[in-house]
Colleague: 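I have a structure I would like to understand better, so I am pasting it below and will then ask my questions one at a time.
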Amino acid sequence: MNQVRTRFPPSPTGFLHIGGARTALFNWLFTRHHGGKFILRIEDTDVTRSTEEAVNAIIDSMQWLGLNWDEGPFLQSKRLAIYQEHVEKLLSRGKAYRCFCAPEELEEKRKRALQEKKKPKYDGKCRNLSSPYPDGPYAVRFKGPEEGRTVVEDLVKGRIVFENEELDDLIIQRSDGMPTYNFAVVVDDGTMGITHVIRGDDHVNNTPRQILLFRALGYPLPHFAHVPMILGSDRTRLSKRHGAESVMAYKEMGYLPGGLLNYLVRLGWSFGDQEIFSIGEMIEKFSLENVGKSAGIFNPEKLRSINGDHVKVREASKLVPLVLPFIKAKGYDIVEGEKLNKIVDILKGRSKTLVEMADQAEFFFKEEIEYDEEAAKKFLRPEAIDVFEELIEGLKGMEIMSEAEVESLLRGVAERREIKLVKVAQPVRVALTGFTASPGLFEVIDILGKAQTIKRLEEASAFIRSSVARPGGENED
RNA sequence: GUCCCCAUCGUCUAGCCUGGCCAAGGACACCGGCCUUUCACGCCGGCAGCACCGGUUCAAAUCCGGUUGGGGACACCA
């Protein structure tokens, strides 16, 4: 196969959403797999809806995801002369014609057809007009064949046949001189030498029209691959009402690009029973043959789980700079370092997202521990004070505190009292973290350090005394 | 309405092309259990599906036809 050239052509009318990201991903993966070129093209011919912010937002998302492109971004709005040239070529060859029908009139006919349950289609009123032309603005229409059929050999769907009479004469240039989507796409794909068009299957109906345009313009046909769409939980097109759909929203929710990409690639594509892929494996194993044909439903639960798998295997040092902003956002002015590294290391196996990790790390940085009400009621009882004091004494006697020493200290306390370790561990856990569930206690104490551990144990003792002293605030049995 | 596409556990999917190895495998979620200083992880086990009808065949999740269901497209939007 010649050098593969693909493109991702978002229209900058909003943020990059999940569906678009997956289309971009499939193109990117296919291209990287074949060592080709991936082109970013901004389809901004609809001036009224396109914005520069959207262009930037899309670029930011692509960069965050790591879907780098080799050429572009090209803006269609900067290529107007090229489209004009192609329109004239078609006009002079009699493959396009001027249409003077008023948009309102067309809209009226269209609505009526839909109401009468008929297929809305241009009636060809201006198809055979010739000069002298009437005054007034005109659009340019493609003069399509009235009979025969156009066949799409789709790389994922197989052969799809369309009757040409179903295809009406689409407008290729608006009366304001701007090209329309179907035309601009073909001119761009043709001039940019695109070899593979991989896009959502909501485009299959556009494909025969585009094929006709490719032929009329004399460009070689690219290969087409229509991938199934992503649907929301109600089985309709994914949109805002299905919850977050912008890629950046997932960044803010603490997802890793690799985790999101992994989830997305498995929605509609598979490689045997394998679920977890690194970016490298995705590139190595991706192929269009293994893309499924049916639409998939976006499942946030599975995304979260897969993201967790990615968090788990990432080195702590790589995770540190990624969680840091989330911890800072909670109001803790901390810096990277050995301590944060250790925290991330014990947390990464239990956090599905960076947001969860930041939440779980919070107690390490709190000046004062707030005790979970239930936890305090159950474990911060008078008899714990004695345990805390013995621990404090033991801690004070340690020169250098190590995890192993902490463990034997705690086990020793339990043994002397002839109680199970858990009876000692839980009150201590609540005193140190505020909760009944936390990472391993020995590790927590090791990270907290001697001084901070002693301080928290003392504060917990004080808390117990004050709640016992408070009338009505006594712990009951 | 017309055209196009799709159809395996609740969800993502393997298997389908090249029928038998499938009393259908994996993952998420859910439910048990084990491990254990708690929670989580991990491990073990469970729940749950070939949309329906007919045909071809010794044999069909796999091939063919139809039905039903779902989705998408029908703009001087992309």
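From a predicted model like this one, the values you see are computed outputs, not experimental measurements. Lettering follows sequence order; numbering is per chain, from 1. Because only heavy atoms are used, hydrogens play no part in the values below, and waters and symmetry mates are left out as well, while side chains stay in.
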Colleague: For B:C58, give the paired nucleotide (Watson-Crick: N1-N3 plus N6-O4 or O6-N4; G-U: N1-O2 and O6-N3; both under 3.5 Å), or none.
Modeller: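 When the pairing criteria are applied, B:G20 turns out to be the nucleotide that pairs with B:C58.
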Colleague: Is the distance from the ring center of A:Y371 to that of A:F463 below 6.0 Å?
Modeller: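 Close enough - the centres of the two rings lie under 6.0 Å apart.
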Colleague: Quick one: the side chain of A:R411 and the base of B:U37, do they pair up donor-acceptor inside 3.5 Å?
Modeller: no
Colleague: What does B:C43 pair with, Watson-Crick or G-U, if both distances are under 3.5 Å?
Modeller: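 WC or wobble partner is B:G33.
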Colleague: Output the rounded distance in Å from CG (A:L432) to P (B:U38).
Modeller: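 The distance from CG of A:L432 to P of B:U38 comes to 16 Å, rounded to the nearest Å.
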Colleague: Whole Å only: how far is the NZ atom of A:K293 from the C1' atom of B:C6?
Modeller: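 To the nearest whole Å, that distance equals 9 Å.
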Colleague: Once hydrogens and angles are ignored, does a donor-acceptor distance under 3.5 Å link the base of B:C76 to the side chain of A:S175?
Modeller: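 Under the 3.5 Å cut-off, the side chain and the base do form a donor-acceptor pair.
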Colleague: Choosing from B:U2, B:U38, B:G25, which nucleotide comes nearest the side chain of A:D273?
Modeller: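 Between B:U2, B:U38, B:G25, the one nearest the side chain of A:D273 would be B:G25.
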Colleague: For A:Y219 together with A:F214, are the ring centres under 6.0 Å from each other?
Modeller: no
Colleague: Across all strands, who's sitting opposite B:G65 as a Watson-Crick or G-U wobble pair, both distances under 3.5 Å?
Modeller: B:C53
Colleague: Rounded to whole Å, please give me the gap between CG in A:N205 and C1' in B:C6.
Modeller: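 In whole Å, B:C6 C1' lies 14 Å from A:N205 CG.
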Colleague: Measure the distance from CE on A:M178 to C1' on B:C76 and round it to the nearest whole Å.
Modeller: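 A:M178 atom CE is separated from B:C76 atom C1' by 12 Å.
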Colleague: Starting from P on B:C12, measure out to CZ on A:R22 and report it in whole angstrom.
Modeller: 11 Å
Colleague: Does A:R235 put a side-chain nitrogen or oxygen below 4.0 Å from OP1 or OP2 of B:G71?
Modeller: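 It does not, given that no N or O in the side chain of A:R235 lies less than 4.0 Å from OP1 or OP2 of B:G71.
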Colleague: What's the CG-C1' distance between A:L410 and B:U38, to the nearest Å?
Modeller: 13 Å
Colleague: Would you say the side chain of A:D201 and the base of B:G72 hold a donor-acceptor pair, judged only by whether the two atoms sit under 3.5 Å apart?
Modeller: no
Colleague: Kindly check if the number of other-residue, nucleotide or ligand heavy atoms within 6.0 Å of CZ (A:R417) is above 12?
Modeller: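 Buried by this count: over 12 neighbours within 6.0 Å.
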Colleague: What is the base-pairing partner of B:C3, counting Watson-Crick and G-U wobble geometry with both distances under 3.5 Å?
Modeller: B:G72
Colleague: Between A:R304 (CZ) and B:A40 (C1'), how many Å, whole number?
Modeller: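 Answer to the nearest Å: 11 Å.
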